[in-house]
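The chain is numbered in sequence order, starting from 1. What you are looking at is a predicted structure, and each value in this text was computed from that prediction instead of being measured.
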Amino acid sequence: MTPLPEKRRFRRVPIAYEVKLIVEDRIISFPSAIDLSLGGILVDGRSPLPVGTSCGLAILLGAGEPGKRIVTRGMVVRVDERGVAIAFSRNLEPASAEALKLLIHSLDPLAEEPRDQ
């Protein structure tokens with residue numbers, strides 16, 4: 001059987017950072033992310049958030065170290081047995097976009113290159 005072609009625009013890299021989602025007046029913590037790309041993140045765990053929910057998102061790079069995080073916006077695009085998939089906003093602030101690129105590049109230098117369509 002032939003595997004299905006990959007539809008993702010960017011390669012994913014495995015990560016294990018803590019992630020916090022900010023929705024309205026609450027913060028939902030996920031102890032670990034599964035993978036990350038320039039297009040979004042998959043976090044490990046269940047969420048009470050329905051698909052389509054807009055949220056703030058913080059990837060905590062240094063446990064307990066103030067300022068060691070990437071903050072961005074996104075939308076829940078999938079919730080299943082693997083976790084919660086969040087697509088990043090297309091209008092990321094330049095500092096957030098650059099921080100994501102640097103993090104991803106440090107994990108896999110080829111990951112931020114778009115896949116051949």
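Under the 4.5 Å side-chain heavy-atom criterion for grouping Ile, Leu, Val, Met, Phe, Trp and Tyr, V71 is not connected to I28 through any hydrophobic cluster. In the hydrophobic clustering of this structure, L61 groups with F88; members are Ile, Leu, Val, Met, Phe, Trp, Tyr whose side-chain heavy atoms approach within less than 4.5 Å, directly or through other members. By the rule that hydrophobic residues join a cluster once side-chain heavy atoms approach within less than 4.5 Å of another member, V19 and L107 end up as members of one cluster. Under a hydrophobic clustering in which Ile, Leu, Val, Met, Phe, Trp and Tyr are joined whenever their side-chain heavy atoms come within less than 4.5 Å, directly or via other members, L57 and I34 fall into different clusters. Neither L38 nor M75 shares a network with the other; the hydrophobic side chains, linked directly or stepwise wherever heavy atoms of I, L, V, M, F, W or Y lie under 4.5 Å apart, form separate groups for each.
For the pair L49 and V79, the tightest heavy-atom approach, listed with the atom from each and the gap, is O-CG2, 3.7 Å. Between I104 and S37, the shortest heavy-atom distance links the atoms CD1-C, 3.4 Å. Nearest heavy atom pair, residue R78 against residue L42, reads NH2-CD1, 3.8 Å. When all heavy atoms are compared, the tightest approach of C55 to V23 is CB-CG2, 3.7 Å. The nearest pair of heavy atoms linking I41 to A33 is CD1-CB, 3.9 Å. The shortest non-hydrogen separation linking I86 to V77 is N-CG2, 4.3 Å.
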Subject >> R26/E24 under side chain to side chain contact (heavy atoms under 4.5 Å, CB included): CA gap, chis, key distance, verdict >> reply: CA-CA 6 Å; R26 62 187 169 146; E24 295 172 1; 5.8 Å; no
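Not a single donor-acceptor pair under 3.5 Å links the side chain of S89 to the backbone N or O of R73.
Residues Y17 and L103 have side chains in contact (heavy-atom distance under 4.5 Å, counting atoms from C-beta outward). The side-chain heavy atoms of K20 and S29, taken from C-beta on, include a pair separated by under 4.5 Å. Contact of the R69 side chain with the I59 side chain is not registered, since no non-hydrogen atoms from C-beta on lie closer than 4.5 Å. For the pair F30 and V84, the minimum side-chain heavy-atom distance is below 4.5 Å. Contact check for D35 versus R82: side-chain heavy atoms found under the 4.5 Å cut-off. Residues T53 and L21 fail the side-chain proximity criterion, which asks for heavy atoms closer than 4.5 Å.
Separation of atoms CG (L60) and CD1 (I70) is listed at 10.0 Å; rounding is to 0.5 Å.
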